Student: 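Please see the structure below; I have some questions.
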Amino acid sequence: MASPNETKTTKRRVGRKRLPPLPQGAPIQFVVASHPDDFRADKTMRHVRSHVMYKHRGEQRGASPRARSKSGERSDLAAATTRTPSPLTTSPEGVYQSSEFLAPPGPSSTIWEGDFYQYISQSPSIDPVRNLAARIIAATATEPSRSAPPSFDASEYPFPPTADGSRQDSLEDLKIQYVGNTDLFCSQDTVWMETVCNNRMSFLSHVSVACVYKDVAEGFLDDTALTVYAKTKVLRMITDNLSTQTDDFTILSILHLLVSEIGGQNEDVFDVHQDGLVRIVNQRGGIANLGLQGNIATFLIVVILSFTILRGQSEPAMLHGFVPSRRSSGLSIYPRPISPLYAPHGDLSPLHGTCSDGAYQIISDMHDLTHTFVARWNYTGEFLPTSSDSQLASYDGHMQQIYTRILVSRSTEDSVAPDWIYECCRLAALIYCRSIVQGVPLSESANVLHARSSSVDASDTNLISALHNALEHTDRREYWGDMCGVLLWVCLVGGAASWPSSYYLYEATPDVQASAAWNRKCFALFAVSSSLSYGFEHASATVEAQRMMLHVQHLINLKRGMSPH
């Protein structure tokens with residue numbers, strides 16, 4: 001036995017040479033291999049060990065706390081998990097990487113453990129939408145041992161296999177319930193919904209979007225635990241699918257993932273997802289080569305154009321020249337999306353009688369303003385004939401007259417029975433007009449102080465918050481019926497106007513930033529759902545309206561001497 005005073009010698013492993021440390025990689029990595037033995041390869045195992053140690057040390061250092069959401073109940077960790085990484089980039093070593101970190105909360109998170117057990121308890125007091133969503137997610141978790149995050153024990157996994165097989169829901173029965181009860185975009189098109197829900201991945205991705213809409217409807221800016229888990233599972237399924245194929249349902253699921261992320265705090269993540277989607281579509285030969293009788297292409301162009309308008313960007317090259325095909329049936333079931341952005345032959349008469357006279361007058365003025373503005377700024381070239389000067393002055397004067405009428409329009413907000421659709425049109429027109437006439441960004445016009453018709457409420461409210469408040473008072477369950485196109489215009493104006501400017505990113509107070517984030521998220525989701533309010537029947541008209549809005553945004557930028565980024 002060695003004496004306690006003897007020094008302990010250190011034994012070195014013979015033949016082992018320490019390699020220099022690897023640089024810190026992306027925050028999340030997926031290992032892919034063609035054979036199980038490949039997972040044990042020295043290079044792969046070294047990458048895994050390095051990734052784990054960097055993450056462990058980062059967690060020990062801790063992170064700065066993030067601002068809480070409107071709900072006041074989201075923890076910093078829960079807020080972080082709302083960001084999803086892209087499964088679409090890969091390193092030369094065969095490791096899928098992304099620029100953002102996503103992982104479920106660890107075993108100590110009461111949000112992750114407690115809430116999920118509650119969701120699957122079949123309690124009659126639970127919200128029926130969340131209950132159905134949780135049961136669908138549980139039914140899709142057919143291989144919990146593979147899908148469960150490695151930080152969970154079997155007992156901690158949120159959807160463990162039930163001991164009693166009778167408790168497991170039939171996915172087919174759940175699909176029937178979901179198709180019959182969801183009111184999310186394109187829900188009126190039963191054939192389309194059946195197609196979406198017949199594929200497990202696209203079904204779950206549609207459910208994850210429904211969870212996001214439910215969260216916002218209940219006042220949560222950040223994703224709740226159920227939504228986080230649904231997104232996480234969808235992302236894993238997309239990643240698994242990308243290793244073997246890029247079929248139509250993969251594209252559809254990525255589009256659903258993008259919808260669930262629009263309006264979030266980190267646009268870099270959104271860009272990574274969208275750039276990956278563009279690469280996949282290009283690999284498939286372009287948007288015109290997507291399947292499902294052209295429905296994937298139609299869904300894609302309507303959704304991507306919505307994103308483009310909201311974020312103030314130029315139309316992606318892959319969409320140029322593409323127009324959704326018209327339905328062969330001559331029988332029109334749903335109303336056309338007539339609005340200031342779209343009116344065949346300039347005819348707004350189908351809207352007459354569907355709203356108040358005041359609202360109809362504003363819609364007519366906005367349609368007139370739109371086409372006068374386009375005519376005024378569609379002159380191209382450096383040299384204009386001198387005879388055009390009087391015509392340009394006539395255009396400018398006419399637009400100023402319209403703006404003056406909107407400025408003096410009376411609010412009904414404090415009436416005994418407020419006309420909230422009129423208020424939406426009036427407030428959206430104030431934002432839209434100011435940017436067109438004065439050549440300023442929509443976001444700047446949206447932050448002008450809203451002057452109410454009475455002094456009962458002395459609080460300072462900007463136009464975008466007032467517009468959001470008015471929109472919340474309207475019944476959007478039927479997308480305003482015959483005025484569905486007007487609702488789309490209001491949401492596009494509000495969405496584009498609520499996107500953050502440099503002032504609200506760097507100079508505004510935390511309360512103002514929180515309000516801006518809430519408006520942005522709500523308008524983004526409203527704009528997407530409104531663009532798909534009645535399915536694909538009038539998709540070509542919707543795309544025409546969206547492109548007109550993009551053109552107006554481009555001309556506003558042209559007028560103020562800048563190009564869209």
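Remember, predicted model here, so these are calculated numbers, not experimental data.
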Student: Would you give the length of the straight line joining atom CZ of Arg426 to atom OG of Ser411, rounded to the nearest 0.5 angstrom?
Tutor: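 If I round to the nearest 0.5 Å, the distance is 4.5 Å.
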Student: Would you please test Leu369 and Cys433 for side-chain contact (heavy atoms from CB on, under 4.5 Å) and show each step?
Tutor: CA-CA 8 Å; Leu369 177 73; Cys433 277; 3.5 Å; yes
Student: Can you tell me how the ring of Tyr334 sits relative to the ring of Tyr534, calling it parallel under 30°, perpendicular over 60° and tilted otherwise?
Tutor: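 Geometry flag for Tyr534 against Tyr334: parallel rings.
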Student: Give a yes or no on whether the backbone of Gly291 and the side-chain of Asp248 come within a donor-acceptor separation of less than 3.5 Å.
Tutor: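 Here the side-chain-to-backbone pair exists.
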Student: Once rounded to the nearest 0.5 Å, what's the spacing between atom CG of Asn447 and atom CG of Leu463?
Tutor: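 One finds 8.5 Å between CG of Asn447 and CG of Leu463.
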Student: Less than 4.5 Å apart, side chain to side chain, heavy atoms only: is that true for His398 and Arg376?
Tutor: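 No - every pair of side-chain heavy atoms lies 4.5 Å or more apart.
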Student: Indicate the atoms forming the closest heavy-atom contact of Ala297 with Phe322, along with that distance.
Tutor: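 What the structure gives for the nearest pair is CB-CZ, 3.6 Å.
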Student: Only one of Glu315, Arg547, Gln546 clears side chain to side chain contact (heavy atoms under 4.5 Å, CB included) with Ile309; which?
Tutor: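 Among Glu315, Arg547, Gln546, the one that satisfies the side chain to side chain contact (heavy atoms under 4.5 Å, CB included) with Ile309 is Gln546.
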Student: Would a 4.5 Å heavy-atom cut-off, applied to side chains only, mark Ile406 and Met366 as touching?
Tutor: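 Touching, per the 4.5 Å side-chain cut-off.
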Student: Going by distance alone, is a donor N or O of one side chain under 3.5 Å from an acceptor N or O of the other, for Gln400 and Asp396?
Tutor: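 On atom types as modelled, these side chains do not qualify, holding no pair under 3.5 Å.
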Student: Is any side-chain heavy atom of Tyr403 less than 4.5 Å from a side-chain heavy atom of Met399?
Tutor: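 Side chain of Tyr403 against side chain of Met399, heavy atoms only: no contact under 4.5 Å found.
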Student: Could you tell me whether the side chain of Ile421 reaches within less than 4.5 Å of the side chain of Ser356, counting heavy atoms only?
Tutor: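 The answer is no, as the side chains (C-beta and beyond) never meet within the 4.5 Å cut-off.
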Student: Please examine the side chains of Leu319 and Leu300, heavy atoms only from C-beta on, and report whether any two atoms are closer than 4.5 Å.
Tutor: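 Yes. Closest side-chain heavy atoms under 4.5 Å.
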Student: Enter the distance from Ile238:CD1 to Leu204:CG here, rounded to the nearest 0.5 Å.
Tutor: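 Rounded to the nearest 0.5 Å, the CD1-CG separation comes to 9.5 Å.
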Student: If you look only at pairs with a residue in residues 521-532, which of them pass as a side chain to side chain donor-acceptor pair (under 3.5 Å), with sequence neighbours excluded?
Tutor: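 Listed by first then second residue: Ser306-Ser531.
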Student: Just wondering, more than 12 heavy atoms not from Asp357 lying within 6.0 Å of its CG?
Tutor: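 For Asp357, atom CG is not crowded (no more than 12 foreign heavy atoms under 6.0 Å).
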Student: Contact between Ser314 and His554 at the side-chain level, heavy atoms closer than 4.5 Å - yes or no?
Tutor: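 Not in contact.
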Student: Assess whether salt bridge (charged side-chain N to carboxylate O under 4.0 Å, His left out) is satisfied between Asp215 and Arg130, documenting all intermediate values.
Tutor: CA-CA 10 Å; Asp215 289 346; Arg130 296 190 189 280; 2.9 Å; yes
Student: From His468 NE2 over to Cys491 SG, what is the distance, rounded to the nearest 0.5 angstrom?
Tutor: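 Going from the NE2 atom of His468 to the SG atom of Cys491 covers 9.5 Å.
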Student: Could you report the tightest heavy-atom contact between Leu341 and Tyr432, atom names first, then the distance?
Tutor: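 Heavy atoms only, the tightest pair is CD2-OH, 3.7 Å.
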Student: Quick check against the 3.5 Å criterion: does Ser435 have a side-chain atom that pairs as donor or acceptor with the backbone of Pro441?
Tutor: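 Yes; at least one donor-acceptor contact below 3.5 Å.
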Student: Test salt bridge (charged side-chain N to carboxylate O under 4.0 Å, His left out) on Glu444 and Arg560; report intermediate values, then the result.
Tutor: CA-CA 13 Å; Glu444 180 179 321; Arg560 62 191 295 256; 5.5 Å; no
Student: Using the rule side chain to side chain contact (heavy atoms under 4.5 Å, CB included), only one of Ile287, Thr308, Val278 pairs with Pro316; which is it?
Tutor: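 It is Thr308, the one option of Ile287, Thr308, Val278 that forms the side chain to side chain contact (heavy atoms under 4.5 Å, CB included) with Pro316.
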Student: Is there a side-chain contact between Ile363 and Met483 (heavy atoms, below 4.5 Å)?
Tutor: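 In contact.
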Student: Would you sort out whether Tyr342 and Leu488 count as a side-chain contact (heavy atoms from CB on, under 4.5 Å), showing the intermediate values?
Tutor: CA-CA 11 Å; Tyr342 170 81; Leu488 174 60; over 6 Å; no
Student: Indicate yes or no for a side-chain donor-acceptor contact from Thr182 to the backbone of Tyr178 under 3.5 Å, with no hydrogens or angles considered.
Tutor: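 No, the answer is negative, given that no donor and acceptor are paired below the 3.5 Å cut-off.
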Student: Taking Arg284 for its side chain and Thr246 for its backbone only, find out whether a donor-acceptor pair lies under 3.5 Å.
Tutor: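 Between the backbone of Thr246 and the side chain of Arg284 there is a qualifying donor-acceptor contact (under 3.5 Å).
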Student: Give a yes or no answer on whether the side chain of Thr298 reaches the backbone of Pro324 with a donor-acceptor pair at less than 3.5 Å.
Tutor: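 No, because the side chain of Thr298 does not come within donor-acceptor range (under 3.5 Å) of the backbone of Pro324.
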Student: Decide if the gap between the ring center of His256 and the ring center of Phe299 is smaller than 6.0 angstrom.
Tutor: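 Under 6.0 Å, so yes.
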Student: Report, one line per pair, each donor and acceptor closer than 3.5 Å where one atom sits in a side chain of residues 348-355; sequence neighbours left out.
Tutor:
unit_1, atom_1, unit_2, atom_2, d
Ser349, OG, Asp347, OD1, 2.6
Ser349, OG, Asp347, OD2, 3.1
Thr354, OG1, Leu351, O, 2.6

Student: Can you name the closest pair of heavy atoms from Thr370 and Pro340 and give their distance?
Tutor: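 Shortest heavy-atom contact: OG1-O, 3.7 Å.
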Student: Supply the atom-to-atom distance Arg476 CZ to Ser533 OG, rounded to the nearest 0.5 angstrom.
Tutor: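 One gets 12.5 Å once the value is rounded to the nearest 0.5 Å.
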Student: Under the criterion side-chain contact (heavy atoms from CB on, under 4.5 Å), I'd like the reasoning laid out for Trp420 against Asn469: C-alpha separation, chi angles, the key distance, then a yes or no.
Tutor: CA-CA 9 Å; Trp420 290 111; Asn469 177 65; 4.2 Å; yes
Student: Would you confirm whether Lys231, through its side chain, and Ser208, through its main-chain N or O, come within 3.5 Å as a donor-acceptor pair?
Tutor: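 Not confirmed, Lys231 side chain does not pair with Ser208 backbone.
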Student: Might you point out which heavy atoms bring Arg311 and Gln274 nearest each other, and give the distance in Å?
Tutor: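 Between these two residues, the closest heavy atoms are NH1-NE2, 4.4 Å.
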Student: Please tell me if the side chains of Leu292 and Phe249 come closer than 4.5 Å, counting only heavy atoms from C-beta onward.
Tutor: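 Heavy-atom side-chain distance check passes, below 4.5 Å.
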Student: Which atom names give the shortest non-hydrogen contact between Ile262 and Ala524, and what distance separates them?
Tutor: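 In terms of heavy atoms, the two residues are closest at CG1-CB, 3.8 Å.
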Student: Under a 3.5 Å distance rule, please check whether Ser443 uses its side chain to pair with a backbone N or O of Ala497 as donor and acceptor.
Tutor: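 Not a single qualifying donor-acceptor pair exists.
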Student: So which atom in Ser339 and which in Gly485 form the shortest heavy-atom distance, rounded to 0.1 Å?
Tutor: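 Residues Ser339 and Gly485, closest heavy atoms: CB-O, 3.2 Å.
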Student: Flag yes if more than 12 heavy atoms outside Glu478 fall under 6.0 Å of its CD atom; otherwise flag no.
Tutor: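 It does not: Glu478 CD has 12 such atoms or fewer within range.
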Student: Nearest 0.5 Å, please: how far is NE2 in His273 from CG in Leu235?
Tutor: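 The distance works out to 6.5 Å.
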Student: Start with the C-alpha distance between Leu487 and Leu471, add both sets of side-chain angles, then the distance that settles side-chain contact (heavy atoms from CB on, under 4.5 Å), and finish with yes or no.
Tutor: CA-CA 9 Å; Leu487 174 62; Leu471 189 59; 3.7 Å; yes
Student: Got a sec, which residues hit ring pair (Phe, Tyr, Trp, His ring centres under 6.0 Å) with Trp480, two or more places apart in sequence or on another chain?
Tutor: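 In terms of ring pair (Phe, Tyr, Trp, His ring centres under 6.0 Å), with neighbours along the sequence ignored, Trp480 is linked to no residue.
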